[in-house]
Participant: 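Here it is, the structure, as structure tokens.
Throughout, numbering of the chain's residues begins at 1 and tracks the sequence. Every value quoted in this text rests on a predicted model; they were computed, and no experiment measured them.
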Amino acid sequence: VQLQASGGGLVQAGSSLRLSCTASGRTSGYTMAWFRRAPGKFREFVASVSGGFSTSYAEFAKGRFTISRDNAKNTVDLQMNSLKPEDTAVYYCAADFQPGFLRTRSMDMDSWGKGTQVTVSS
């Protein structure tokens, strides 16, 4: 299954963006996740949603970001509100093809999409 992320862009602090990830095949039952890599930093977990629609968020994402999925469309979205300059990063969507787990580690992901750049200006 190939993943394609879109929706990034250049926005001002306080703005919102909605990222979307489209899979080339079925993803229902699998955990889908978003990660990001800021300049000079390691890739970090942002949010994930299990096949059963349970969710997990990084501390920085709680209250500002919302992950959602549409199994009929094989998509997973990340709604990002109240963006801050420190949210500037390349955002990646990922899939974990081991059913039954809500995972948050990049090492557990089986497929990655190419990233989409999010730049938040102050």
Side-chain angles (χ1 to χ4, degrees):
V1 175
Q2 294 183 335
L3 306 175
Q4 179 66 53
S6 62
L10 171 63
V11 297
Q12 291 187 331
S15 299
S16 298
L17 271 178
R18 188 176 185 89
L19 306 183
S20 185
C21 177
T22 302
S24 61
R26 183 183 70 87
T27 57
S28 60
Y30 304 133
T31 290
M32 302 295 293
W34 287 94
F35 291 78
R36 71 184 187 182
R37 175 175 285 169
K41 296 187 177 181
F42 293 107
R43 184 166 54 192
E44 64 179 345
F45 170 75
V46 178
S48 61
V49 56
S50 72
F53 296 91
S54 296
T55 57
S56 180
Y57 293 92
E59 282 300 317
F60 65 80
K62 291 179 180 178
R64 297 192 299 129
F65 295 2
T66 302
I67 190 170
S68 60
R69 67 188 299 163
D70 185 332
N71 288 337
K73 297 180 179 179
N74 293 319
T75 59
V76 58
D77 291 350
L78 184 69
Q79 177 67 41
M80 305 187 294
N81 299 328
S82 302
L83 283 164
K84 305 175 181 179
E86 51 263 43
D87 293 318
T88 295
V90 178
Y91 285 71
Y92 301 88
C93 62
D96 170 16
F97 296 138
Q98 296 295 319
F101 298 94
L102 177 60
R103 301 189 179 192
T104 62
R105 301 184 305 175
S106 59
M107 66 175 66
D108 293 322
M109 300 298 133
D110 299 304
S111 181
W112 292 85
K114 294 182 180 180
T116 184
Q117 177 71 47
V118 172
T119 303
V120 185
S121 63
S122 58

Participant: Looking only at atom types and distance, does a side-chain atom of Y57 sit under 3.5 Å from a main-chain N or O of G63, one as donor and one as acceptor?
Facilitator: no
Participant: Nearest 0.5 Å, what's the CG-CE distance between D70 and M32?
Facilitator: 12.0 Å
Participant: Determine whether the side chains of S6 and Q4 contain a donor N or O and an acceptor N or O closer than 3.5 Å.
Facilitator: no
Participant: Applying side-chain contact (heavy atoms from CB on, under 4.5 Å) between V76 and each of T27, V49, L19, report the one that passes.
Facilitator: V49
Participant: So, applying side-chain contact (heavy atoms from CB on, under 4.5 Å) with Y92, which one of R37, R36, M109 is it?
Facilitator: R37
Participant: Is a side-chain N or O of T31 found less than 3.5 angstrom from the main chain of F101, in a donor-acceptor match?
Facilitator: yes
Participant: Using salt bridge (Lys or Arg N to Asp or Glu O under 4.0 Å) as the criterion, list what pairs up with D96, not counting sequence neighbours.
Facilitator: R103
Participant: Could you tell me whether the side chain of T88 and the main chain of V120 form a donor-acceptor pair under 3.5 Å?
Facilitator: yes
Participant: With sequence neighbours left out, write down each residue that passes ring-ring contact (aromatic ring centres under 6.0 Å, His included) with F35, or none if nothing qualifies.
Facilitator: F45, W112
Participant: Can a donor-acceptor pair be found, under 3.5 Å and without considering hydrogens, that links the side chain of R105 to the backbone of M107?
Facilitator: no
Participant: Grab the two heavy atoms, one from F97 and one from A95, that are nearest each other, plus how far apart they are.
Facilitator: CE2-CB, 3.7 Å
Participant: Looking at D77 and S68, would you say the former's side chain and the latter's main chain have a donor-acceptor pair under 3.5 Å?
Facilitator: no
Participant: Quick check on E86: does its CD atom have over 12 non-hydrogen neighbours (other residues, nucleotides or ligands) under 6.0 Å away?
Facilitator: yes
Participant: What's the shortest heavy-atom distance between R64 and D87, and which atoms?
Facilitator: NH1-OD2, 2.7 Å
Participant: Please check: side-chain N/O of S50 versus main-chain N/O of L102, any donor-acceptor pairing under 3.5 Å?
Facilitator: no
